[in-house]
**Q** 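Take a look at this one; I'll ask things after.
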There are 2 protein chains.
Amino acid sequence: MKKKLEDYDLHASCPIRNVLDRFGDKWSILVILLLGEHKTAMRFNEVAQTIGDISQKMLTVTLRTLEADGMVVRKHYPEIPPRVEYELTDLGKSLLPYINGLAQWAVKNYDTITKSRKKFAARKQLVS
Amino acid sequence: MKKKLEDYDLHASCPIRNVLDRFGDKWSILVILLLGEHKTAMRFNEVAQTIGDISQKMLTVTLRTLEADGMVVRKHYPEIPPRVEYELTDLGKSLLPYINGLAQWAVKNYDTITKSRKKFAARKQLVS
DNA sequence: GGTATTTAGTTACTTTTGGATACTCAAAGG
DNA sequence: CCTTTGAGTATCCAAAAGTAACTAAATACC
């Protein structure tokens, strides 16, 4: 029995799923945090270098998606070589407190989590 | 020039990356929210049915990972048919306020984001 | 006593996502 | 001319996520 498109879309209207799915990618939260820390607008390569290990493709995709969602503004200066600056919109800034809270939680509990992971891995060894 | 494993691990020690990467999957946050709402422990299929469109495999993987991170406890009763119950640990509960904040933000700004997406898609049409 | 049911999880397979690399455009510098 | 520069595309490939079908083992039903 084949599923119809509607079946997949059943949950597409759920705001929580819909919006949180966007942070389900590897880079969006990181880029928002970064743009949030930086008070002035950042250029493409500046973001890329600060993150360090993101490919051009993924940074482009991530910034485009954030732009589409209205989280980020893209200012393009028609110069040669091209200059493009990004900064958070008010919407993007309004998200900042929440993901900063999350980031602080992450720092605070990092040790606990790391230990838990090691313990779990060790237990797995015993069983196998 | 080939990259060594160490190069990839440069950022592996960053708590924010390391922990936030875990929410980079589609289901973890959703499962934590769900277990957080539910006051009593939940069974595997109860979680699966509430979410609705998660496969057995992905629920297994998600719960295992959350267990490894110490966010969830897994209580296994050696019965036939098997019974397994899941609930949040204190660590998992401590994360709840932050992702609840995120979820509320999502609900509040869903409309704005949806409109922004449509506008962006329309603009793209014009250019192409 | 054969068969369907129930539950948590695994295996084998397919699809989607992410990443490495090379290429583009258009002007300025040597 | 030929290279450099910034912000990307285009293409191809590997890795991750996701799906469908399967398993075990006791019980309920017929």
Side-chain angles (χ1 to χ4, degrees), chain A residues 1-5 7-8 10-12 17 20-31 41-68 72-87 124 127-128, chain B residues 1-5 7-12 17 21-31 41-68 72-87 124 127-128:
Chain A
M1 201 209 305
K2 223 174 166 183
K3 281 191 189 171
K4 289 177 203 162
L5 197 61
D7 295 330
Y8 293 106
L10 269 179
H11 301 275
R17 296 251 200 140
L20 293 190
D21 265 10
R22 276 296 154 92
F23 313 136
D25 69 73
K26 215 173 163 181
W27 305 111
S28 294
I29 290 188
L30 213 57
V31 169
M42 290 179 83
R43 299 186 62 176
F44 184 90
N45 276 348
E46 204 180 349
V47 177
Q49 282 159 28
T50 310
I51 294 183
D53 58 348
I54 189 172
S55 65
Q56 287 185 325
K57 177 187 168 185
M58 287 321 295
L59 184 52
T60 302
V61 170
T62 303
L63 287 169
R64 278 286 130 69
T65 309
L66 290 175
E67 193 196 353
V72 153
V73 251
R74 179 177 187 271
K75 285 191 258 174
H76 174 253
Y77 301 88
E79 302 171 0
I80 300 292
R83 184 156 62 100
V84 182
E85 291 183 346
Y86 295 94
E87 62 184 326
K124 236 176 112 184
V127 175
S128 69
Chain B
M1 204 208 304
K2 222 174 168 185
K3 281 191 190 171
K4 290 177 204 160
L5 195 62
D7 297 332
Y8 292 108
D9 284 350
L10 270 178
H11 301 275
R17 296 249 200 140
D21 267 8
R22 276 297 155 91
F23 313 135
D25 70 73
K26 214 172 162 182
W27 305 111
S28 295
I29 290 188
L30 214 56
V31 169
M42 290 180 82
R43 299 187 63 176
F44 185 92
N45 274 351
E46 204 179 350
V47 177
Q49 281 161 28
T50 309
I51 294 182
D53 58 349
I54 187 171
S55 67
Q56 291 180 326
K57 178 189 167 184
M58 289 319 296
L59 185 52
T60 302
V61 170
T62 303
L63 288 169
R64 278 284 130 71
T65 308
L66 290 175
E67 193 196 353
V72 153
V73 252
R74 180 176 186 272
K75 285 192 255 173
H76 175 254
Y77 302 87
E79 301 170 354
I80 300 289
R83 182 157 64 101
V84 182
E85 289 183 347
Y86 296 91
E87 62 184 327
K124 236 178 110 184
V127 175
S128 70

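Worth knowing before you read on, the calculation uses all heavy atoms, side chains too, and leaves out hydrogens, waters and symmetry mates.
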**Q** How long is the line joining CG of L59(A) and P of dG18(C), in whole Å?
**A**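 Rounded to the whole Å, the gap is 13 Å.
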**Q** Can you find a side chain N or O atom of W27(A) that sits less than 4.0 Å from OP1 or OP2 on dG18(C)?
**A**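 For dG18(C), neither OP1 nor OP2 has a side-chain N or O of W27(A) closer than 4.0 Å.
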**Q** Report the residue (L63(A) or K57(A)) whose heavy-atom-nearest nucleotide on DNA chain D is the more 5′ of the two.
**A**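 Of the two residues, L63(A) wins.
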**Q** How many angstroms lie between atom NZ of K26(B) and atom CZ of F23(A), to the nearest 0.5 angstrom?
**A**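 Nearest 0.5 Å value for the NZ-CZ distance: 16.0 Å.
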**Q** Strictly under 4.0 angstrom, non-hydrogen atoms only: write out the protein contact profile of nucleotides 1-8 of chain C, one letter per nucleotide from the 5' end, B, S or -.
**A** -----BBB
**Q** Distance check, rounded to the nearest 0.5 Å: D25(B) atom CG versus D25(A) atom CG?
**A**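 Going from CG on D25(B) over to CG on D25(A), the span is 12.0 Å.
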**Q** Mind checking side-chain hydrogen bond (donor to acceptor under 3.5 Å, both in side chains) for E87(B) and listing every partner two or more places apart, or none if nothing turns up?
**A**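 Once residues adjacent in sequence are excluded, the partners of E87(B) under the side-chain hydrogen bond (donor to acceptor under 3.5 Å, both in side chains) criterion are K75(B).
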**Q** Return yes if a side-chain donor-acceptor contact under 3.5 Å exists between E46(B) and Y86(B), otherwise no.
**A**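 Result is no, nothing qualifies.
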**Q** Starting at CG of D25(A) and ending at P of dG18(C), how long is that distance when rounded to a whole Å?
**A**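 It is 6 Å, rounded to the nearest whole Å.
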**Q** How close do L20(A) and I29(B) get, counting heavy atoms only, and between which atoms?
**A**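 Shortest heavy-atom contact: CD1-CG2, 3.6 Å.
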**Q** What integer distance in Å separates I51(B):CD1 from dG18(D):C1'?
**A**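 Whole-Å distance recorded here is 14 Å.
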**Q** What is the distance from CE of M58(A) to P of dT16(C), rounded to the nearest Å?
**A**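 After rounding, the reported distance stands at 16 Å.
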**Q** Indicate yes or no: at least one non-hydrogen side-chain atom of R17(A) is less than 4.5 angstrom from one of D53(B).
**A**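 Counting from C-beta outward, R17(A) and D53(B) do come under 4.5 Å.
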